[in-house]
K.L.:
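Quick one: structure below, then a few questions.
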Amino acid sequence: QAMLAQVLTFSPPVPLAAATDLLGACLPCRIGTMTAHAAVPAVTLRAQRVRPSRLAPVILLAVAAVIALLASATAFAKVAKIKEGVDNTNMFKKSKMRVVLLKDHPKLGDKGDVVRVRKGYFRNYLLPSGVAGRQDNEVLKRLRMEEAAKDAAVAAAQREAIEAKTKIEGLGKLTFEKKVREGSNKIYGSLSATNFAEALIVKSGIPIRLASIELPKIAELGDFSATIDLGSDISAYVEFEVVPEGGKKDGEEGEGEEES
């Protein structure tokens, strides 16, 4: 009974082995009592009045106490595990820091973005390679100034492209004279992008890259058009014609001779 009282009054969770030992210590007492009663002669047993056992409620209480202690220990273990997981999560979050990207990164983001990275990754790679810096007012101010300068340069380039487009398209329809094969509209050679660019630069005074000219293959007389990429998503469209070499002048002279 003293051992059971110890079990019932022990408030902290008791390990499973200790609870089992206490229960085992109580059960032999009950078994010994039952064995002693069994040794009494049959006559005596019949003469005695059968009384309810006084230890039965105690044993039931002991079993209930052991079950409660086991449940308490299990719950305590689950709470401890959850708390450990929360602590690990908080530790993982604390190991990260906020940085500003100084260059575009394929995984972290674009230049100027504020991201969270591990401190070791920042110290060992991002900072030495110049990919990211600590988030502070100086870095953010410098990035804003660089972004403003970039926007200004883009706007200036767009204005120049629009001015070039207006000037080139203002030239109107261009004319190119080429020597024609006898009896056909086929020209000797072809009108190349180089010939087209040279004539356009002379007439407009605007430098033009050969790679920016989209010109169809021209091997005969006729009317054509070309596209010139001026940058900043702006293009100029030019119409031109290919005529026989000296053809118009010969026609004008013929008309003059007929009048005379």
Side-chain angles (χ1 to χ4, degrees), residues 100-113 115 125-126 129-132 142-260:
V100 182
L101 296 180
L102 304 178
K103 299 178 181 178
D104 293 342
H105 193 277
K107 294 183 179 180
L108 297 178
D110 298 330
K111 180 180 178 179
D113 292 346
V115 297
Y125 173 70
L126 297 178
S129 59
V131 176
R142 179 163 58 87
L143 288 176
R144 285 194 294 266
M145 293 178 61
E146 292 178 358
E147 191 67 21
K150 182 179 179 181
D151 293 341
V154 171
Q158 191 172 19
R159 287 195 301 269
E160 292 178 1
I162 293 174
E163 292 176 359
K165 173 184 175 68
T166 302
K167 195 169 184 179
I168 291 173
E169 293 180 350
L171 296 175
K173 191 174 185 178
L174 303 181
T175 301
F176 294 89
E177 295 183 1
K178 298 294 290 184
K179 189 175 181 179
V180 182
R181 296 179 183 273
E182 186 176 355
S184 68
N185 289 332
K186 301 294 182 181
I187 62 176
Y188 284 100
S190 63
L191 181 64
S192 65
T194 303
N195 303 137
F196 184 84
E198 289 176 352
L200 200 58
I201 291 172
V202 171
K203 292 181 179 294
S204 66
I206 298 173
I208 298 174
R209 297 177 294 106
L210 291 177
S212 65
I213 299 174
E214 185 178 345
L215 190 70
K217 184 177 180 180
I218 302 172
E220 60 184 6
L221 304 177
D223 295 329
F224 306 92
S225 62
T227 303
I228 305 171
D229 183 9
L230 300 174
S232 301
D233 296 329
I234 296 176
S235 299
Y237 300 92
V238 180
E239 294 182 352
F240 62 96
E241 61 180 351
V242 179
V243 299
E245 186 177 10
K248 287 186 178 182
K249 291 182 179 181
D250 292 343
E252 291 174 357
E253 291 176 359
E255 292 177 0
E257 291 176 357
E258 290 177 0
E259 291 177 356
S260 61

K.L.:
Tell me, do S212 and L230 make a side-chain contact under 4.5 Å, heavy atoms counted?
P.N.:
no
K.L.:
So, do F240 and L215 sit near enough that their side-chain heavy atoms are less than 4.5 Å apart?
P.N.:
yes
K.L.:
Could you state the interatomic distance from CG (N185) to NZ (K178), rounded to the nearest 0.5 Å?
P.N.:
15.0 Å
K.L.:
Where do L143 and G112 come nearest, in terms of heavy atoms and distance?
P.N.:
CD1-CA, 3.9 Å
K.L.:
With side chains defined as the heavy atoms from C-beta onward, is the minimum distance between I187 and L221 less than 4.5 Å?
P.N.:
yes
K.L.:
Please tell me if the side chains of I213 and I208 come closer than 4.5 Å, counting only heavy atoms from C-beta onward.
P.N.:
yes
K.L.:
Testing the basics here: between K165 and S235, what is the closest heavy-atom pair and its distance to 0.1 Å?
P.N.:
NZ-O, 2.7 Å
K.L.:
Report yes or no: does S190 contribute a side-chain atom to a donor-acceptor pair with the main-chain N or O of S192 at less than 3.5 Å?
P.N.:
no
K.L.:
Between R159 and E163, is there a salt bridge with N-O shorter than 4.0 Å?
P.N.:
no
K.L.:
Between the side chains of E147 and K111, is the shortest nitrogen-to-carboxylate-oxygen separation below 4.0 Å, so that they form an ion pair?
P.N.:
no
K.L.:
When you look at D113 and L108, which way does the side-chain contact (heavy atoms from CB on, under 4.5 Å) test go after all the steps?
P.N.:
CA-CA 8 Å; D113 292 346; L108 297 178; over 6 Å; no
K.L.:
Check whether more than 12 heavy atoms from other residues, nucleotides or ligands sit under 6.0 Å from atom CD of E239, and answer yes or no.
P.N.:
no
K.L.:
Just how far is it from atom OG of S225 to atom CG of L174, taken to the nearest 0.5 Å?
P.N.:
11.5 Å
K.L.:
Between Y237 and E169, is there a side-chain heavy-atom distance shorter than 4.5 Å?
P.N.:
yes
K.L.:
Less than 4.5 Å apart, any side-chain heavy atom of Y188 and any of V180?
P.N.:
no
K.L.:
Any carboxylate oxygen within less than 4.0 angstrom of a Lys/Arg side-chain nitrogen, looking at E220 and K186?
P.N.:
yes
K.L.:
Got T194 and F196 here, is their nearest side-chain heavy-atom distance under 4.5 Å?
P.N.:
no
K.L.:
Of all heavy-atom pairs between A161 and G231, which one has the smallest distance, and what is that distance?
P.N.:
CB-O, 3.7 Å
K.L.:
Taking D223 first and then K173, would you say they form a salt bridge - that is, a charged N and a carboxylate O separated by under 4.0 Å?
P.N.:
yes
K.L.:
Side chains of V242 and L191, heavy atoms from C-beta outward: is any pair under 4.5 Å?
P.N.:
yes
K.L.:
Return the minimal non-hydrogen interatomic distance between T175 and E241, and the atom names on each side.
P.N.:
OG1-OE2, 2.9 Å
K.L.:
Could you go step by step and tell me if I206 and I168 meet the side-chain contact (heavy atoms from CB on, under 4.5 Å) rule?
P.N.:
CA-CA 8 Å; I206 298 173; I168 291 173; 3.9 Å; yes
K.L.:
Apply side-chain contact (heavy atoms from CB on, under 4.5 Å) to F176 and N195, showing your working.
P.N.:
CA-CA 9 Å; F176 294 89; N195 303 137; 5.6 Å; no
K.L.:
side-chain contact (heavy atoms from CB on, under 4.5 Å) for L101 and D110? Distances and angles first, verdict last.
P.N.:
CA-CA 7 Å; L101 296 180; D110 298 330; over 6 Å; no
